[in-house]
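Lettering of chains follows the sequences in order, A, B, ..., and the numbering in each one begins at 1.
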Amino acid sequence: MRDRQVQDILDWYDRHARDLPWRVGPSARAAGVRPDPYRVWLSEVMLQQTTVAAVKAYFERFTTLWPTVTDLARAEDGMVMGEWAGLGYYARARNLLKCARVVADEHGGRFPETREGLQALPGIGPYTAAAISAIAFDEPEVVVDGNVERVMARLFDIRTPMPAAKPEMKAAAAEMTPNHRPGCYAQAVMDLGATICTPRSPACGICPWREPCLARTAGIQAELPVKAPKKTKPTRYGYAYVARRADGAWLLERRPDSGLLGGMLGWPGSDWNEDPRAAPPIKADWHRLTEEARHTFTHFHLRLKIDVANLPPDAEPEHGTFIPRHEFRPASLPTVMRKVFDLAHGSFENVG
DNA sequence: GAGGCGTGGCA
DNA sequence: TTGCCAAGCCT
């Protein structure tokens, strides 16, 4: 029975596999083309908790700037963080660089081929290690991500709430994983989860697993997997300070490596909490903008009051660094900081 | 084990 | 507007 289902989803994948920039499609794979482990790794890290649509442009940009893991290992930290800006979960970018440097310096520029070897690297956990091993090296590893959990919960009608159901999902995934074409199988299940077995309104009518799917038989496919309700997000408040020196340089600061937006550039500002204290980085004639910047993070809403100021050529702030006008790219800021800039920059006159 | 950690799209 | 969701990892 399991062999029948594996064959059915592989047949479906051979006909309907998504064409993705980092993917070697089923026909090319059958012709002997092997995926580049560097590109598989880079795409998997970018795809952690992130949509394919958001990742595509970043993947193209990164692989153009840094075609190999050795190239990436030699990049400057600030350059990589700036290129990652907007993609979110910035610890991924810091770990990406760490990982590239370990692979370049300690593994001769080649990725380990085993799940164990891969999972020892920074930013590579159980899912990513199994995925790289399966996709890049065609090892029959059990690949379990959110897609696989959803598909298995439905195929086997697993009603145990998450995250308690994880061991059952893993066992179900292990039961299904084939020794033949494991890389294609892993990508097939993820494509199925992304395009047919979707969280809401799954397209069961065109699913290659519609017959054996126990949740569909019971009519509860859209209710699975069962998840605990989310906690409501609190709102925090803060101040952001946008200052421009007379020569057009902007006063920014590099945030500490750990914590929220770690390692990213941002505007100087206060702490973000229920009752923040204003904390300008330099004595100046600050002007408060009418509009606040609003942004929502994973676990709280944020509202920032924005102060702007022009600084003299010899300004010496208590903290922060002046970024010359021609070196400053708003796109290299995390989104919340870019929102602040978008609101503030209109209040400055152009400098020739 | 639970919480921290981004962002944008969509119902 | 609000909530939910997307190929998790780290502490």
Sugar-phosphate only, base, or nothing, as touched by A/G193 at under 4.0 Å among non-hydrogen atoms: nothing
Sugar-phosphate only, base, or nothing, as touched by A/K230 at under 4.0 Å among non-hydrogen atoms: sugar-phosphate
Sugar-phosphate only, base, or nothing, as touched by A/R94 at under 4.0 Å among non-hydrogen atoms: nothing
List the atom pairs, donor and acceptor, that lie under 3.5 Å between side-chain atoms in residues 341-348 of chain A and the rest of the protein, sequence neighbours left out.
| residue | atom | partner | partner atom | Å |
| --- | --- | --- | --- | --- |
| A/D342 | OD2 | A/R338 | NH1 | 3.2 |
| A/H345 | ND1 | A/F341 | O | 3.4 |
| A/S347 | OG | A/A344 | O | 2.6 |

Aromatic contact, A/F297 with A/W272 (centres under 6.0 Å): yes
Within residues 251-270 of chain A, residues whose heavy atoms come under 4.0 Å of DNA chain B: A/G259, A/L260, A/L261
Derivation of the ring pair (Phe, Tyr, Trp, His ring centres under 6.0 Å) call for A/W286 and A/Y241: CA-CA 8 Å; A/W286 294 101; A/Y241 298 92; 5.1 Å; yes
Residue pair A/Y237 / A/L304, side-chain heavy-atom distance below 4.5 Å: no
Interatomic distance, A/R39 atom CZ to A/I135 atom CD1 [nearest 0.5 angstrom]: 13.5 Å
Nucleotides bounding contact with chain A, strand DNA chain B, heavy-atom threshold 4.0 Å: B/dG3 to B/dG8
Side-chain heavy atoms of A/P225 within contact of A/E149, under 4.5 Å: no
CZ on A/R150 to CG on A/L155, rounded to 0.5 Å: 13.5 Å
Residue pair A/R154 / A/D157, side-chain heavy-atom distance below 4.5 Å: no
B/dG3 and C/dC4, which share atom name P, separated by this distance in whole Å: 16 Å
5'-most by nearest nucleotide on DNA chain C - A/R23 or A/K231: A/K231
side-chain contact (heavy atoms from CB on, under 4.5 Å) involving A/A279 - partner list, sequence neighbours excluded: none
First encountered from the 5' end of DNA chain B, between A/H299 and A/T51: A/H299
Set out, line by line, the N/O atom pairs under 3.5 Å between protein and nucleotides 8-11 of chain C.
| residue | atom | partner | partner atom | Å |
| --- | --- | --- | --- | --- |
| C/dG8 | OP1 | A/G146 | N | 3.3 |
| C/dG8 | OP2 | A/Q49 | N | 3.0 |
| C/dG8 | OP2 | A/Q49 | NE2 | 2.7 |
| C/dG8 | O5' | A/Q49 | NE2 | 3.2 |
| C/dC9 | OP1 | A/G125 | N | 2.9 |
| C/dC9 | OP1 | A/G125 | O | 3.4 |
| C/dC9 | OP1 | A/T128 | N | 3.0 |
| C/dC9 | OP1 | A/T128 | OG1 | 2.7 |
| C/dC9 | OP2 | A/Y127 | N | 3.3 |
| C/dC10 | OP1 | A/G123 | N | 2.6 |

Separation of the P atoms in C/dC9 and B/dG8, to the nearest angstrom: 23 Å
A/L87 and A/M46, any side-chain heavy atoms less than 4.5 Å apart: yes
Inter-nucleotide P distance (C/dT1, B/dG6), Å rounded: 23 Å
Touch class at under 4.0 angstrom, heavy-atom based, for A/L20 against every strand present: base
Donor-acceptor pairs are to be reported for all side-chain atoms of residues 182-192 of chain A against protein atoms at under 3.5 Å, with residues two or more places apart or in another chain.
| residue | atom | partner | partner atom | Å |
| --- | --- | --- | --- | --- |
| A/Q187 | OE1 | A/R23 | NE | 3.1 |
| A/Q187 | NE2 | A/G183 | O | 3.2 |
| A/D191 | OD1 | A/R18 | NE | 3.1 |
| A/D191 | OD1 | A/R18 | NH2 | 2.8 |
| A/D191 | OD1 | A/R23 | NH1 | 3.4 |
| A/D191 | OD1 | A/R23 | NH2 | 2.9 |
| A/D191 | OD2 | A/R18 | N | 3.0 |
| A/D191 | OD2 | A/R23 | NH1 | 2.8 |

